[in-house]
Amino acid sequence: MSQPKLITKVKNIIKEEGLEFKDLNDNGRLDPYEDWRLSPEERAKDLVKRMTLEEKCGNMMIKSQKMGLSQEDKSKTSHDGILDEEVFYDQTIFIGQKNYGTTGHIKDLHLRHFILRDNFNEVEIAKWVNTINEVCESTRLGIPAIIASNSRNENAERTFGMNDAVGVFTTYPSTLGLAAIALGDKANGGDYSIFSEFGEIARDEWRYSGLRKGYMYMIDTATDPRWQRFYGTFGEDTDLISNACKRLLNSFQGEDLGKDSVALTMKHFPGGGARENGFDPHYEEGKFNVYKTKGSLEKYHLPPFKVACEEKASSIMPYYSIPSHEKSAVQYFEGKRIPFEPVGFAFNEYFIQNILRDKLEFKGYINSDSGILDNMAWGVLHLPKEERAAFAINNGVDLISDTNEVKWIIKACEEGLIKEERINEANERLLTEMFKLGLFDDKTYVDENKAKEIVENEENKKKAYRAHQKSLVLLKNSEKTLPIKSGSKVYIEYLHKELDKAEEYKKEAIEDAKGFEEISIVDNPNEADYAICFITPKSGNYFSATPGLLELSLCEDKINKSMDNTEYKETTVANIKRVKELRDIMNKNNKKLIVSVNSTMPWLLDSVEPLSDALLSHFETFIKAQLDVLVGRVEPCGKLPFTFPKSEDVIAVDENGSCISPNDVPGYDKDKYMPDGLTYAYEDSDGNIYKLGHGLRY
């Protein structure tokens, strides 16, 4: 093993046997955890022996941490405005806790795991990470920090905004878009290598910027179309999801976790897609996973997690939800009946220890989802917080997400609810990851200029743009409406939930279209040969919407009902009547209407499909890339990663809360369980069936 290039900003470098080592605990001698020649496991065991209970408990929590750049009051920052030091009470749907600022979290609470959610450029991120680690280096043992983030390389700003950032790193279409490309490539004689290409580019951008942990990817099989987080999945094809999982792990982590890796947290075990009629488990109404179909858990939901374990995922995140015994059929795994303990999966001993650890042989650490000690402690809300902490940790959780309330773990230990051996085990797992990533040695600090060079790579941007082109799915093309004939006059409309956003995006789309010499843009649809209507529906607000049945219709001001029969108004697209107006104008002039729907969820298309001559489905695809396809510069080649439901009838819920189509079965297989004479998938006026894998070409 060759000498790594070590950099310190606070502590000294010492020499032994002609080699250099960091003296992280400042005692003037080389200790095993400082010795880069030893294995990560050996170093982790040694370090844990040196840590206090408070330090070990602090290391078992991960907290969202703002950058100083996002702090308006610069008096509440440190290190020339780089670190945010605001002390305030943080109240969200996840938690209610006191925020102590960056230095307080590091020095007083001993946190070393942080989540970055701010959207600043790679140089600013690198400076922030370096500064955090400088503060960490100054502490007693010099334990560095590891920075995690949700995905940053997919376009998502126009819908739910669950990506932490867009437009900074190389930006591909959404994960559903990647799946559409993969299915298209496979149908055309290729393979699923788009996931490898994507992962390799993203990995380098992340690691050079100092982001070494990804809270990604969602390998949930999406089986209920109303689930708000459908958009962050790879769709409903279990085989494709499993392949994506393997390729992404190999791209980000490598065959084994090392200094050039970005460690991934695969989620949400054992699969979050089996929602009860679309209700989300961030809210009490959605706290159950429901498996009404015999064998569905083993057949559709667990396979991607089996692959995640085989490919050595660094960590796995259990979901909030409770497996419902009363609402489910008996489920088996490898011939053995699965008991459904009525607690959330982060507290669920059988799922974590018997299935994940024993059956699937998972060797990494368990990272809970956010808020399991607070608002989403389903099944254990009756317990005090120290008992919730003990329940989760004793049953397998090693890292508790998005909280700084270390006191509850400490109290549980002091009251004998958690044995010290279990605390040590968790810390050894967590620190082993950090040692493998080189964070204690030559990867503590990153080169800000190198980060900029990597992110600005033009070849990577070209690959991402080509992916946008390939992600577009042509659902319908009546009488060969597309491609648009050269020399045609084109009118562009943009529909969105918010009228001001619609106008903003319409202007952007028109500007993009002006760069196409094949067409001319007109302001009046009566003058157009083609009208193009881009639609970006939006259903609810992930963090503040009234819990309730998500409406898939492309509608405006429709009255809907939540599980408790409370009525609320739902708007997915403002001014949706404009599509009918454009249809009437096109009919009058014997011209064509093209509709392109941003398919973040499997919307009900019965209000727009009959009005369109050509209908397309896209997945956060750049407008310019869509226009490349519409004018015929490139041919459409994407395939649907999910099935569009036929109508409200096939997702109807009866008075007992049961859906006519099973919530736990992917769309392509729902017909096996539908009442006689009823089919699930949408069929258009040309006879095309909008099922998994559908997609036309010119």
Side-chain angles (χ1 to χ4, degrees), residues 176 179-180 183-184 186-187 222-227 230 235-237 240 277-278 293 300 471-482 533 535 537 539 550-555 558 572-573 576 579-580 582-583 586-587 592-619 629 636-653 659-663 665-698:
L176 288 170
L183 290 171
K186 192 72 183 279
T223 52
D224 191 292
R226 292 156 294 202
W227 182 33
F230 198 110
E236 65 181 32
D237 185 338
L240 178 141
N277 305 326
T293 310
Y300 300 117
S471 68
L472 193 62
V473 178
L474 180 59
L475 299 174
K476 171 185 176 183
N477 194 22
S478 297
E479 299 177 350
K480 297 183 178 180
T481 294
L482 296 175
C533 187
I535 302 178
S539 187
L550 292 178
E551 178 57 67
L552 292 178
S553 296
L554 303 182
C555 65
K558 181 175 182 178
T572 52
V573 185
I576 189 67
V579 181
K580 178 63 166 60
L582 290 173
R583 176 72 272 166
M586 295 298 107
N587 282 345
K592 302 293 186 181
L593 175 62
I594 302 162
V595 176
S596 182
V597 180
N598 193 358
S599 303
T600 49
M601 296 171 70
W603 307 108
L604 292 172
L605 300 174
D606 50 359
S607 63
V608 296
E609 178 276 318
L611 304 176
S612 66
D613 295 295
L615 180 64
L616 302 101
S617 178
H618 76 89
F619 310 93
V629 175
C637 52
K639 302 291 184 182
L640 280 180
F642 56 72
T643 301
F644 281 100
K646 177 180 292 186
S647 65
E648 290 187 1
D649 293 341
V650 302
I651 55 172
V653 177
C659 185
I660 196 168
S661 55
N663 306 130
V665 174
Y668 70 86
D669 244 4
K670 287 186 190 288
D671 282 357
K672 295 178 182 177
Y673 308 97
M674 299 288 283
D676 289 343
L678 192 61
T679 56
Y680 181 79
Y682 187 87
E683 182 174 353
D684 70 20
S685 54
D686 289 353
N688 299 304
I689 299 176
Y690 297 176
K691 200 171 184 177
L692 173 72
H694 171 64
L696 305 175
R697 304 194 71 166
Y698 292 157

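No experiment lies behind these values; they were computed from the predicted model shown.
- For the pair P225 and I651, the tightest heavy-atom approach, listed with the atom from each and the gap, is CG-CG2, 4.0 Å.
- Atom CG of residue L640 and atom NE2 of residue H694 lie 6.5 Å apart, to the nearest 0.5 angstrom.
- Remark: side-chain polar atoms of S553 are not paired, donor with acceptor, to backbone N or O of L604 under 3.5 angstrom.
- Pairing each heavy atom of P662 with each of Y673, the nearest pair is CG-CB, 3.8 Å.
- With sequence neighbours excluded, the residues satisfying side chain to side chain contact (heavy atoms under 4.5 Å, CB included) with S607 are L554.
- Panel note: side chain R226, backbone P602; no donor-acceptor pair is recorded below 3.5 Å.
- S471 meets the side-chain hydrogen bond (donor to acceptor under 3.5 Å, both in side chains) test with T621; sequence neighbours excluded.
- Of all non-hydrogen atoms in M586 and K592, the two that sit nearest each other are SD-O, 3.4 Å.
- Scanning for side-chain hydrogen bond (donor to acceptor under 3.5 Å, both in side chains) contacts around K639 gives an empty result, with sequence neighbours left out.
- For the atom pair N477 CG and L615 CG, the distance stands at 10.5 Å (nearest 0.5 Å).
- Distance alone, capped at 3.5 Å, places no donor-acceptor pair between the D686 side chain and the N688 backbone.
- To the nearest 0.5 Å, atom CG of residue L472 and atom SG of residue C637 are 9.0 Å apart.
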Step-by-step side-chain hydrogen bond (donor to acceptor under 3.5 Å, both in side chains) determination, N277 to N663: CA-CA 6 Å; N277 305 326; N663 306 130; 3.2 Å; yes

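- By the 4.5 Å heavy-atom criterion applied to side chains, T679 and I689 are not counted as neighbours.
- Distance alone, capped at 3.5 Å, places no donor-acceptor pair between the S599 side chain and the M601 backbone.
- With Y680 as the aromatic partner, K670 meets the cation-pi criteria of under 6.0 angstrom to the ring centre and within 45 degrees of the ring axis.
- Looking at residues two or more places apart in sequence or on another chain, you find no salt bridge (Lys or Arg N to Asp or Glu O under 4.0 Å) involving K186.
- In this structure, OH on Y690 lies 13.0 Å from OG1 on T643, to the nearest 0.5 angstrom.
- With sequence neighbours excluded, no residue forms a side-chain hydrogen bond (donor to acceptor under 3.5 Å, both in side chains) with D671.
- For F642, the ring pair (Phe, Tyr, Trp, His ring centres under 6.0 Å) criterion is met by F230, F644, not counting sequence neighbours.
- Not counting sequence neighbours, the partners of D237 by the side chain to side chain contact (heavy atoms under 4.5 Å, CB included) test are L183, D239, L240, L692.
- Under the rule for a side-chain hydrogen bond (donor to acceptor under 3.5 Å, both in side chains), the partners of D669 that lie at least two apart in sequence or sit in another chain are Y300, K672.
- Contacts of L678 classified as side chain to side chain contact (heavy atoms under 4.5 Å, CB included), with partners at least two apart in sequence or in another chain: V650, I660, M674, P675.
- Distance alone, capped at 3.5 Å, is enough to place a donor-acceptor pair between the E236 side chain and the G667 backbone.
- Here the straight-line distance linking atom CG of L475 with atom CG of L605 works out to 7.0 Å at 0.5 Å rounding.
- Pairs of residues two or more places apart, or lying in two chains, that qualify as salt bridge (Lys or Arg N to Asp or Glu O under 4.0 Å) and include a residue from residues 602-619 are K476-E609, R583-D613.
- Once rounded to the nearest 0.5 Å, the distance linking OG of S612 with CD1 of I594 reads 9.5 Å.
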